[in-house]
Amino acid sequence: MSVLGDITPTPPAGISEGGESAARARKSPNAFRTISEVAEDLHIPQHVLRFWETKFPQLKPLKRGGGRRYYRPEDINLLRRIGDLLYTQGYTIKGVQRLLREGGLEAVEAAGEAGEGALADPSEGAEGAEGIELRACLEELEAIASALKALTAR
């Protein structure tokens with residue numbers, strides 16, 4: 001036993017173990033969510049969600065003072081579908097952009113129901129999951145690099 005004895009931290013009154021997750025569970029399904037809540041629920045980093053906003057004009061979270069984002073349930077559904085198409089089914093960002101541009105959310109949902117392995121371009125399918133992930137990372141890095149170049153050119 002230490003000098004301080006057996007000290008175990010306890011959460012403040014009204015907050016159960018798990019803290020914010022319990023509070024989120026009490027939110028209405030129609031409630032707006034912050035970017036941190038959405039990122040945690042979808043297991044996608046916040047910076048990726050912000051990046052997707054630049055690539056998919058259909059994503060328009062409500063922004064309040066200080067630029068704080070609030071996602072509507074429709075935005076969260078769209079983010080969930082985009083993530084599924086990119087990470088699970090192997091679409092590229094350009095492929096998902098094309099789906100959204102040509103058919104809207106209905107086309108994205110239909111593509112999701114088509115099953116795994118469906119690709120926007122048949123020629124993109126030979127690389128496997130690792131190649132798809134690497135290509136998505138490369139596209140993200142290229143977008144970040146061009147944004148940094150634009151900032152330094154000022």
Taking only distance into account, with no hydrogens and no angle test, what donor-acceptor pairs under 3.5 Å do side-chain atoms of residues 138-149 form with protein atoms, sequence neighbours excluded?
from	atom 1	to	atom 2	distance (Å)
Ser146	OG	Glu142	O	3.4
Ser146	OG	Ala143	O	2.9

In this structure, CG of Leu49 is separated from CZ of Phe56 (nearest 0.5 Å) by 11.5 Å
Closest non-hydrogen atoms of Gly83 and Trp52, given as atom of the first, atom of the second and distance, are CA-CH2, 3.6 Å
- Task: Please assess Arg64 against Leu62 for the test side chain to side chain contact (heavy atoms under 4.5 Å, CB included), listing each intermediate value before the final yes or no.
- Result: CA-CA 7 Å; Arg64 292 291 177 163; Leu62 182 66; 3.8 Å; yes
Residues at least two apart in sequence or cross-chain that pass side chain to side chain donor-acceptor pair (under 3.5 Å) with Tyr87, listed by chain then number, are none
* Do the charged groups of Arg69 and Glu53 touch, with an N to O distance under 4.0 Å? -> yes
CD (Gln46) and CD (Glu40) are apart, to the nearest 0.5 Å, by 10.0 Å
For residues Phe32 and Ile76: do they belong to one hydrophobic cluster (side chain heavy atoms under 4.5 Å, members Ile, Leu, Val, Met, Phe, Trp, Tyr)? no
Residues passing the side chain to side chain donor-acceptor pair (under 3.5 Å) test with Gln97, sequence neighbours excluded, are none
Separation between CZ (Arg81) and CD (Gln58), nearest 0.5 Å, reads 14.5 Å
Value for CD (Glu37) from OH (Tyr70), rounded to nearest 0.5 Å, stands at 9.0 Å
When every non-hydrogen atom of Ala39 is compared with those of Pro45, the smallest separation belongs to CB-C, 4.3 Å
When every non-hydrogen atom of Ile93 is compared with those of Leu86, the smallest separation belongs to N-CD2, 3.6 Å
- Query: Hey, is the main chain of Arg72 close enough, under 3.5 Å, to the side chain of Asp75 for a donor-acceptor pair?
  - Reply: yes
- Can you check whether Phe51's main-chain N or O pairs, donor with acceptor, with Thr54's side chain at less than 3.5 Å? yes
To the nearest 0.5 Å, atom OH of Tyr71 lies from atom CG of Leu42 at 9.5 Å
*asked:* Apply side chain to side chain contact (heavy atoms under 4.5 Å, CB included) to residues Leu79 and Val38 and explain how you reach the verdict.
replied: CA-CA 9 Å; Leu79 286 167; Val38 174; 3.8 Å; yes
**Asked** Under 3.5 Å, side chain of Glu102 to main-chain N/O of Leu99, donor-acceptor pair present?
**Response** no
